[in-house]
Structures are given as structure tokens and as C-alpha cells.
Visitor: 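Take a look at this one; I'll ask things after.
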2 protein chains.
Amino acid sequence: MERIPKRQRHQQLSRLIEENPFLTDRELTRQLKVSIQTIRLDRLELAIPELRERLKMMAERSYDPVRSLPLHEVIGDIVDLQLDKSGISIFEIREEHVFSRSGIARGHHVFAQANSLAVAVINDEIALTASADIRFIRPARLAEKCIAKAYVRSSGAVKGKAKVEVFTYVGEEMVFQGNFVIYRSAGDSEHEGGGSH
Amino acid sequence: MERIPKRQRHQQLSRLIEENPFLTDRELTRQLKVSIQTIRLDRLELAIPELRERLKMMAERSYDPVRSLPLHEVIGDIVDLQLDKSGISIFEIREEHVFSRSGIARGHHVFAQANSLAVAVINDEIALTASADIRFIRPARLAEKCIAKAYVRSSGAVKGKAKVEVFTYVGEEMVFQGNFVIYRSAGDSEHEGGGSH
DNA sequence: ATTGGTTTAATACCTGGTGCCAAAGAGAGT
DNA sequence: ACTCTCTTTGGCACCAGGTATTAAACCAAT
């Protein structure tokens, strides 16, 4: 029995499940060539829950009633959201986002993160980007984590327009800055606490 | 036995599961005050899958956006391209591009089309968006075909920056307008045809 | 009273596991 | 060689949350 293979197997197991969380233990035995008991001991050690628990967690994450906004259509993970005030989202640059030649992110992905966040932070039934003035300060590269911070500068709940400023950072460095003007469906926002159902 | 309650119960059942897909049949019996067999017959009639299938479907739906992410390479079909002069691309607004609530396209998709075109029209090894000033003139809707036209206003092959103006139309109506400043890798444009494979 | 839609019950079986215990295998130390 | 320990495998009971099927009970109208 080789002592090394165990850790290797643990790594492989983690990787396999990460890239396909829908695998049953039985399917994993085929890929790793060990018994199903070993797979289960491994999951135990690695604290990887069973298939059904994984699916449930995924379903819950995508369902989350708190974030009633259409979040899965949003680019980037919104990790903090104070409606009509500010918000933060994280977006990791991956293979599919970059020019293969240079490894530099295509501008519209960085824009999409900022735009999604700017729209999400507006507390309204319908919010649409009206215009934007944006600057790409330095390129974002493959594997970098872009952290976008949005601040609502003038919510204009009555006027029907809100100004949102977004700054995107990689570490300490700013990579993107944008000023968004967002249309809002004017009226049912923080108008009063209660109006809508 | 009342004949009405059955249809009412079906409606209630559908509503309950819609607003909380995580309910087991056993939990549903408590809420509807009928036996578990009745619940199961009802689900059968209404073609509502069992809890685990529901969770799996939700998990799958929230999982595949990673692979089927629409924002891949160039957004829109480039149908005409005169390098360093002008270009045209067509992009059809589909389900995955709109707010499900309103059927209006998310701004970053319309931007992505324009941005892709602005970058493509620049005849250079590496071209990156430096900044942009954009306006969403009217919303683009589901199933509409967006036609973007880009014009290079100052190619500045030596300077390292180019200005590109993009107009996007649906039919006769303009939906988007943007002024892009594109960085170019200054010099090695069509320097000569060959370099890279 | 018989028929028919509806509801409930009972039972066998399924998947994808957990939990536990025992046995076998593989070194490493003495 | 023998022992000790870690790892792997196997077997069995059990669980949730079902499906599928058959049978019985309920209720009401013809």
C-alpha cells in the first residue's frame, strides 16, 4: 500500500466533485478505482457532504429568498448589498473571460460586473441602465479577483433616476471606474415603508 | 366528499410547492390535511416531480450558467468589417439576456456587442477598451435584433489610442450609442501580415 | 343496491446514502 | 519472524423520500 496515493486521491476527489458536484459515490469509484467505502471515508475526512446534501445546498443558494433579485443572471457574486446605499460584488476572471492571446479580460465582462451591481443596488421593481461613463484603468488578468464597490450617490426616488458610482479593484489596485445613471420605475421604492403587497 | 376541495387542493398544492420547493410530501400532508397518498396522487396528476428531482433541477439550473455563460468571445455576429474604418454586427436578444420580469435586455449585453465590435474593428494585435461614454437610448427587448455600427473616428495608429463610435439600432430606432477609446499595441498592426501563427 | 370518483391503507421496492463492526492488506519497528 | 498501526474493503442494518401497485373504505348520485 502506498502512502502517497491517499493524499493524491483526496486531491483528485476534491477536484472531481468541485468540477462536477452531481457525481454519486458509485460513479466516483469508477474514476478513482477504489471501493465505495473508501470514497465514503474520504468524503468523511474531507467533510464533503453526500450528493443529495450538495444538490440541496446548490438549490438553496440559487433560491435564497433574501436575495429576491434575479441573482443568477447577475455577473459576479454579490456579497454585500445595502439597498439604495452601497453594494459589493466579487468576480473572478476565468479562461472564458479573457483574450486567449494576452490573458487580459475583455472589457465587457468587467463592465458587466459593475453594471449588474449598479442595477442590483437600486431598490426598485425595475431598474435599467440609462447611461454610463466608464474607464478601464488597468487591464484585469486571468485568475484575478475583481472586487466591485458601488455607491449610490443620489437615489432620486422621486425623479426616476439614480446615480451610482462603481469602483473595481484587484487587491489594492483600481482597475475600473464607472459612473452609472440608472432609470428606476419611480414610485414604489422607499416611497414609504409599505405600499406594495 | 366534496368535489370542489380537490381542485382547490390542487391549486393550493401547486402554490405551496411553487413558493417553497423544499417541502416533502410529509410536510405537505400537515398543511393540506390529507393523507400522504393523496398528496402523491395529486403530484402525479399535476406532474410535479418529487422533492429530490426538484432540488436536482434547481441545482442544475443554477449550475450550468457557468458553462453556458453567454458572455464568451465576441458578442454578436460581425457581418461586415473594414479594419480601422468601420464594422457591423448583429445580435439577437434572447431569453438569457433579459430581465425575466420585464423582458428588457440587461445593459451589459448591449454594451458587450458594441464593445466587441469596437475592439474588433481596430486592426491590431492587442486592442483593449480604455474608456467609454455610453448611452442607452431606449430599452432593447426580447427577440429584437440589435444592429451595431462602428466607425473609427481617429485611428491614431502611432499614438496608441483610437476613437471608435458605435450606434446600435433596432430597425430604425437607435437603442444605444457609445464613444469608445481603444488602446492599441501601437505599431505591430498590419505591420506585415504574418508574425503569429 | 350498484356504480364511480376519491381517498386512504398496506406492502414491496428503489436510490444514495450513514453508522458500525470485522476482516484483510501493507508496511515499519523490534 | 512477530507485532503494531494505518488503510482499505466488505457486509449488514437502517434511514429518508420517494415510486408502483393492489386493495379497501368512503361518499354520493343514479
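Letters go in sequence order (proteins before strands), and every chain restarts at 1.
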Visitor: Suppose we call a contact any N or O donor and acceptor under 3.5 Å apart; does that hold for the side chain of B:Arg26 and the base of D:dA16?
Guide: no

Visitor: Mind checking ring-ring contact (aromatic ring centres under 6.0 Å, His included) for A:Phe111 and listing every partner two or more places apart, or none if nothing turns up?
Guide: A:Phe180, B:Phe111

Visitor: Side chain of A:Gln37, base of D:dG10: donor and acceptor closer than 3.5 Å?
Guide: yes

Visitor: Rounded to the Å, how far apart are A:Asp25 CG and C:dT15 P?
Guide: 15 Å

Visitor: Counting just side-chain N and O atoms, does A:Thr38 come under 4.0 Å of either OP1 or OP2 of D:dT8?
Guide: no

Visitor: How many Å lie between CG on B:Leu51 and C1' on D:dC15, as a whole number?
Guide: 15 Å

Visitor: How many Å lie between CG on B:Leu32 and C1' on C:dT7, as a whole number?
Guide: 14 Å

Visitor: When we call it a touch if two heavy atoms are under 4.0 Å apart, what does A:Arg40 touch: a base, just sugar-phosphate, or nothing?
Guide: base

Visitor: In this structure, how many angstroms lie between the C1' atom of C:dT18 and the CD1 atom of A:Ile36, rounded?
Guide: 12 Å

Visitor: Using whole Å, report how far CG of A:Leu28 lies from C1' of C:dG17.
Guide: 13 Å

Visitor: Using a 4.5 Å cut-off on heavy atoms from C-beta on, say whether the side chain of B:Ile39 contacts that of B:Leu41.
Guide: no

Visitor: Could you give the CG-to-C1' distance, from A:Leu23 to C:dG17, as a whole number of Å?
Guide: 15 Å

Visitor: Indicate yes or no: does A:Lys6 engage A:Asp42 in a salt bridge with an N to O separation below 4.0 Å.
Guide: no

Visitor: Could you check which of D:dT9, C:dG17, D:dT19 has an atom nearest any side-chain atom of A:Ser35?
Guide: D:dT9

Visitor: After noting the C-alpha distance and the side-chain angles of B:Gln113 and B:Thr168, does the key distance pass the side-chain hydrogen bond (donor to acceptor under 3.5 Å, both in side chains) rule?
Guide: CA-CA 9 Å; B:Gln113 179 192 17; B:Thr168 304; 4.5 Å; no

Visitor: I want to check one thing: is the phosphate of D:dT7, taken as OP1 and OP2, less than 4.0 Å away from some side-chain N or O of A:Arg9?
Guide: no

Visitor: Contact class for B:Arg43 vs. all strands (heavy atom < 4.0 Å): base, sugar-phosphate, or nothing?
Guide: sugar-phosphate

Visitor: Separation of B:Lys56 atom NZ from C:dT15 atom C1', in whole Å?
Guide: 11 Å

Visitor: When the side chains of residues 47-54 of chain A are checked against the rest of the protein, which donor-acceptor pairs come out under 3.5 Å, sequence neighbours left out?
Guide:
from, atom 1, to, atom 2, distance (Å)
A:Arg54, NE, A:Pro21, O, 3.1
A:Arg54, NH1, A:Pro49, O, 2.8
A:Arg54, NH2, A:Pro21, O, 3.3
A:Arg54, NH2, A:Leu23, O, 2.6

Visitor: Name the residue closer to the 5' end of DNA chain D, choosing between B:Leu44 and B:Arg52 according to the nucleotide with the nearest heavy atom.
Guide: B:Arg52

Visitor: Separation of A:Lys33 atom NZ from D:dT9 atom C1', in whole Å?
Guide: 17 Å

